[in-house]
Enquirer: 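To start, I am sharing the structure in question, which I have written as structure tokens.
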Amino acid sequence: MNWKPDRSDKKPIYKQIAEYIEKGISAGDFPTDLPLPPERRLAEKLNVNRSTIVAAYDELQAIGLVERKKGSGTWISTDIWGLSHKRMPNWGRYVEGGSFLPNQPVVQRLRTETQREDLIDLASGELAPDLFPSETFQEIFTKTPFHGHLGYDHPQGNEMLRETISMHAKEYRDIQINPESILITSGAQQAIHLIVQCLLKPGDAVAIEDPSYAYSLPIFQTAGLKVFHLPIDENGVNPDDIEHLHKKHRLRMLFINPDHQNPTGTKLSLSRRKRILEISSEYGIPIIEDDPYSLTSFSGETGPTLKSMDHLGNVLYISSLSKIVASGLRIGWVMGPEKVIERLADAKQQVDFGHSVFPLWVANEFLGSGQFKGHISMLRQQLHERRDQLISSLNSHLREKTDYFIPEGGIHFWCKIREPMDEFRLLEESIKRGVAFVPGNVLGTKKGYIRFTFGRGDIDSINEGIRRFADVLRQMEKIKN
């Protein structure tokens with residue numbers, strides 16, 4: 001046996017050994033009339049601990065390739081090629097080998113932990129239940145008869161809802177768009193996924209903001225894209241950085257969240273918006289504008305979007321009802337040239353054959369009603385109060401320990417911890433104390449930052465959550481010093 005495990009590989013050593021032996025069994029390299037090498041001898045030969053070999057043999061036994069015989073060692077199963085043997089697939093291998101990458105472990109952990117009722121959730125990027133228009137929805141259910149079609153809908157989504165979205169975009173975002181240039185998606189994330197899968201190919205260079213929500217998405221890595229980062233300051237992305245990246249790497253696409261950006265809360269300045277559009281038209285770089293938060297502006301000023309300033313069709317505009325109405329509706333949309341929308345719609349049909357008709361119906365009734373404007377007004381006021389409470393709590397419990405940018409809309413608060421700290425350990429200890437947040441390096445390359453979400457909790461829970469977080473931070477500082 002000349003093979004050795006690769007210690008630079010991220011895959012555990014015992015799994016590498018198990019895979020090597022499995023391939024050898026399939027190729028007939030290991031005789032079936034003799035046991036496999038004893039654990040201690042194989043450990044010495046491969047320069048690993050005996051426990052590593054035990055784990056590898058356990059893995060092979062679990063999938064039915066080997067049998068443990070007390071007193072005589074580990075043997076290849078006698079009937080693995082027999083007609084009577086029922087062999088279980090190695091699902092672990094399938095899970096690890098799939099081309100669609102999983103979320104980061106910390107993201108998976110947060111999604112699990114935030115289901116706890118006893119946890120104060122300052123991590124989840126959604127609205128609190130008391131901010132949902134539940135009563136209005138109940139009224140729609142009870143007083144408005146449903147006369148919709150119960151079969152498969154139009155490939156681009158319900159025609160009535162697309163017409164309503166077209167009118168909504170004109171009234172609230174100054175975007176002139178035909179229903180034929182709109183595709184309804186299952187939230188904004190599906191829109192991003194469709195764009196990446198349909199319009200880009202492995203090896204293409206794209207630019208995303210740093211930090212940004214897009215940084216946490218494995219979609220780009222799954223597609224084999226080269227991802228480059230654009231630093232953000234208090235006025236958003238610097239257009240000069242975009243131009244520099246393009247000249248060096250020939251960008252195929254730019255992903256940007258101009259209004260109350262996630263996670264920093266910054267708003268891209270008007271002059272930078274104009275310059276970015278100039279760069280887009282000069283070099284032919286498509287812009288993906290992700291706009292979940294512009295209507296949450298505390299001042300009520302919502303313009304202009306890049307799409308409303310785009311006269312060449314360079315911008316694909318994404319928005320949804322997730323951050324302004326209810327995340328559970330799963331209603332989003334993407335606007336762009338008809339040819340592009342048709343391509344995305346075809347791909348969406350291959351995936352899910354369209355939405356359930358009932359969320360589309362409810363969304364259309366609510367978005368086109370007089371109650372929508374009142375809901376947005378309430379939402380702005382409530383989010384403004386919760387942001388102010390978060391600032392007050394930080395000043396009360398963490399004075400001189402944090403620096404932060406004050407957002408004028410959205411639901412996220414970007415905070416820097418002045419004392420160097422292990423963000424993931426800080427999260428683990430905070431979860432033990434009953435409060436969750438998002439570590440900053442899940443969302444970007446810089447260390448020492450965290451994201452609090454103030455849209456998920458009420459006034460009291462925000463204050464209590466920051467108090468618990470402050471206690472954990474002080475305790476960790478004591479241990480460190």
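This chain uses plain numbering: 1 for the first residue, then up along the sequence.
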Enquirer: Would you kindly say whether S392 and N395 are connected by a side-chain donor-acceptor distance under 3.5 Å?
Expert: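 Checked: S392/N395 side chains show no N/O donor-acceptor pair below 3.5 Å.
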
Enquirer: Return yes when atom CE of M160 has more than 12 non-hydrogen atoms of other residues, nucleotides or ligands closer than 6.0 Å, and no otherwise.
Expert: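 Check fails, neighbour count at 12 or below.
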
Enquirer: Counting distance only, does the side-chain N/O of Q104 pair as donor-acceptor with the main-chain N or O of V107 below 3.5 Å?
Expert: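 Judged by distance alone, no pair lies under 3.5 Å.
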
Enquirer: Just verifying a value: how many Å separate D240 CG and L230 CG, rounded to the nearest 0.5 Å?
Expert: 11.5 Å

Enquirer: Can you list, pair by pair, the side-chain donor-acceptor contacts under 3.5 Å of residues 178-190, counting residues two or more places apart and other chains?
Expert:
unit_1 : atom_1 : unit_2 : atom_2 : d
T185   : OG1    : G187   : O      : 2.8
Q189   : OE1    : Y213   : OH     : 2.5
Q190   : OE1    : S186   : N      : 2.7
Q190   : NE2    : D352   : OD2    : 3.3

Enquirer: Under 4.5 Å between any side-chain heavy atoms of N364 and E163, yes or no?
Expert: no

Enquirer: Any non-hydrogen side-chain atom of L127 less than 4.5 Å from a side-chain atom of S322?
Expert: no

Enquirer: Show the numbers, then the answer: is there a side-chain contact (heavy atoms from CB on, under 4.5 Å) between I324 and F372?
Expert: CA-CA 10 Å; I324 59 173; F372 179 78; 4.2 Å; yes

Enquirer: Evaluate the side-chain proximity of R173 to L295: yes if any heavy-atom separation is below 4.5 Å, no if none is.
Expert: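 Yes, at least one pair of side-chain atoms sits under 4.5 Å.
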
Enquirer: Tell me whether the count of non-hydrogen atoms from other residues, nucleotides or ligands lying under 6.0 Å of NZ in K226 goes above 12.
Expert: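 No, not enclosed.
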
Enquirer: Which heavy atom of S356 sits nearest a heavy atom of L360, and at what distance?
Expert: O-CG, 3.5 Å

Enquirer: Charged N to carboxylate O below 4.0 Å: is that the case for K11 and D9?
Expert: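 The answer is no: the pair does not qualify as a salt bridge.
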
Enquirer: Check side-chain contact (heavy atoms from CB on, under 4.5 Å) between D471 and all other residues, then give those that pass, not counting sequence neighbours.
Expert: R433, R467, R474

Enquirer: Measure from the side-chain N and O atoms of T112 to the backbone N and O of Q108, and report whether any donor-acceptor pair falls under 3.5 Å.
Expert: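 Yes: the side chain of T112 pairs with the backbone of Q108.
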
Enquirer: As an exercise, state the distance from CG of D233 to CZ of F405, rounded to the nearest 0.5 Å.
Expert: 9.5 Å

Enquirer: Using 0.5 Å steps for rounding, measure from the CD1 atom of I376 to the CD atom of Q371.
Expert: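 One finds 13.0 Å between CD1 of I376 and CD of Q371.
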
Enquirer: What's the shortest heavy-atom distance between M421 and E477, and which atoms?
Expert: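 The pair with the smallest heavy-atom distance is CE-CG, 3.7 Å.
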
Enquirer: Look only at the side chain of R468 and the backbone of S430, and say whether a donor-acceptor pair between them is shorter than 3.5 Å.
Expert: no

Enquirer: Keeping S281 on the side-chain end and L277 on the backbone end, is there a donor-acceptor pair under 3.5 Å?
Expert: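 Yes: the side chain of S281 pairs with the backbone of L277.
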
Enquirer: Mind running side-chain contact (heavy atoms from CB on, under 4.5 Å) on I462 and L390 for me, showing each step along the way?
Expert: CA-CA 6 Å; I462 288 172; L390 182 56; 4.0 Å; yes

Enquirer: Applying ring pair (Phe, Tyr, Trp, His ring centres under 6.0 Å) as the test, list every pair that has at least one member in residues 104-125; sequence neighbours left out.
Expert: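 Residue pairs with at least one partner in residues 104-125: there are none.
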
Enquirer: Inspect the surroundings of CD in E282 and state if more than 12 heavy atoms from other residues, nucleotides or ligands are less than 6.0 Å away.
Expert: yes

Enquirer: Would F132 and F137 satisfy ring pair (Phe, Tyr, Trp, His ring centres under 6.0 Å), going step by step from the backbone distance to the final call?
Expert: CA-CA 9 Å; F132 297 157; F137 279 13; 8.7 Å; no

Enquirer: Apply salt bridge (Lys or Arg N to Asp or Glu O under 4.0 Å) to the pair R116 and E113, showing each step before the final yes or no.
Expert: CA-CA 6 Å; R116 287 170 39 190; E113 292 293 339; 2.9 Å; yes

Enquirer: Could you pull out all donor-acceptor pairs under 3.5 Å where a side-chain atom in residues 241-254 meets a protein atom, sequence neighbours excluded?
Expert:
unit_1 : atom_1 : unit_2 : atom_2 : d
E243   : OE1    : R275   : NH2    : 3.3
E243   : OE2    : Y283   : OH     : 2.8
H246   : ND1    : L251   : N      : 3.0

Enquirer: Do Q475 and E429 pair up side chain to side chain, a donor and an acceptor below 3.5 Å, judged on atom types alone?
Expert: no

Enquirer: Can D153 and R162 be said to form a salt bridge (Lys or Arg N to Asp or Glu O under 4.0 Å), step by step?
Expert: CA-CA 12 Å; D153 215 327; R162 283 188 288 120; over 6 Å; no

Enquirer: Applying side-chain contact (heavy atoms from CB on, under 4.5 Å), run through E209 and L268 and close with a yes or a no.
Expert: CA-CA 12 Å; E209 298 160 313; L268 186 65; over 6 Å; no

Enquirer: Under 3.5 Å, is there a donor-acceptor pair between the Q389 and S393 side chains?
Expert: yes

Enquirer: Without placing hydrogens or testing angles, list every side-chain donor-acceptor pair under 3.5 Å for residues 440-447, not counting sequence neighbours.
Expert:
unit_1 : atom_1 : unit_2 : atom_2 : d
T445   : OG1    : D210   : OD2    : 2.5

Enquirer: Provide the closest heavy-atom pair for I411 versus E126 in the form atom of the first, atom of the second, distance.
Expert: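 So the two residues come closest at CD1-N, 4.0 Å.
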
Enquirer: For L119 and A436, which heavy atoms make the closest approach, and how far apart are they?
Expert: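 Residues L119 and A436, closest heavy atoms: CD2-CB, 3.6 Å.
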
Enquirer: Drop me the distance from L217's CG to L101's CG, to the nearest 0.5 angstrom.
Expert: 12.0 Å

Enquirer: Are the side chains of L321 and W333 in touch, meaning some heavy atoms are under 4.5 Å apart?
Expert: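 Answer yes - side chains close enough.
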
Enquirer: For the pair D204 (side chain) and K201 (backbone), establish whether a donor and an acceptor sit closer than 3.5 Å, ignoring hydrogens and angles.
Expert: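 Yes, the answer is positive, given that a donor and an acceptor are paired below the 3.5 Å cut-off.
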
Enquirer: Can you name the closest pair of heavy atoms from G410 and F298 and give their distance?
Expert: O-CZ, 4.2 Å

Enquirer: Short question: side chain of R451, backbone of H412 - any donor-acceptor pair under 3.5 Å?
Expert: no

Enquirer: Can you check side-chain contact (heavy atoms from CB on, under 4.5 Å) on I331 and L367, steps first, answer last?
Expert: CA-CA 11 Å; I331 301 295; L367 198 59; over 6 Å; no

Enquirer: Verify, without hydrogens or angle tests, whether R330 (side chain) and S327 (backbone) share a donor-acceptor contact under 3.5 angstrom.
Expert: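 Yes.
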
Enquirer: Would you say R386 and Q382 make side-chain contact, with heavy atoms under 4.5 Å?
Expert: yes

Enquirer: For the backbone of G448 and the side chain of E423, can you confirm whether one donor and one acceptor N or O come within less than 3.5 Å of each other?
Expert: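 Yes; at least one donor-acceptor contact below 3.5 Å.
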
Enquirer: For the pair R387 (side chain) and F454 (backbone), establish whether a donor and an acceptor sit closer than 3.5 Å, ignoring hydrogens and angles.
Expert: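 Answer holds: no.
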
Enquirer: Check this for me: does any side-chain nitrogen of one of R273 and D259 sit under 4.0 Å from a carboxylate oxygen of the other?
Expert: yes

Enquirer: Should the pair F141 and W361 be assigned to parallel (<30°), tilted (30 to 60°) or perpendicular (>60°) ring geometry?
Expert: tilted

Enquirer: Please examine the side chains of M309 and I276, heavy atoms only from C-beta on, and report whether any two atoms are closer than 4.5 Å.
Expert: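 No, side chains not in contact.
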
Enquirer: Taking the side chain as everything from C-beta on, heavy atoms only, tell me whether D174 gets closer than 4.5 Å to T305.
Expert: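 In short, these two side chains do not touch, never coming nearer than 4.5 Å.
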
Enquirer: With distance as the sole test, does S319 use its side chain to make a donor-acceptor pair with the main-chain N or O of D291 at under 3.5 Å?
Expert: yes

Enquirer: With sequence neighbours left out, what residues match K323 under salt bridge (charged side-chain N to carboxylate O under 4.0 Å, His left out)?
Expert: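 Salt bridge (charged side-chain N to carboxylate O under 4.0 Å, His left out) check on K323 returns nothing, list empty.
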
Enquirer: So which atom in V357 and which in G151 form the shortest heavy-atom distance, rounded to 0.1 Å?
Expert: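 Smallest interatomic distance, heavy atoms only, reads CG1-O, 4.1 Å.
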
Enquirer: Decide yes or no on side-chain hydrogen bond (donor to acceptor under 3.5 Å, both in side chains) for D290 and N257, but give the supporting numbers first.
Expert: CA-CA 5 Å; D290 186 12; N257 174 194; 5.5 Å; no

Enquirer: Do L225 and V196 make a side-chain contact, defined as non-hydrogen atoms from C-beta onward lying under 4.5 Å apart?
Expert: yes

Enquirer: Is it the case that atom CD in E301 sees more than 12 heavy atoms from other parts of the structure closer than 6.0 Å?
Expert: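 No, the 6.0 Å shell around CD holds no more than 12 heavy atoms from other groups.
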
Enquirer: Taking F452 as the fixed residue, which of F469, F413, W414 is the one that meets the ring pair (Phe, Tyr, Trp, His ring centres under 6.0 Å) rule?
Expert: F469

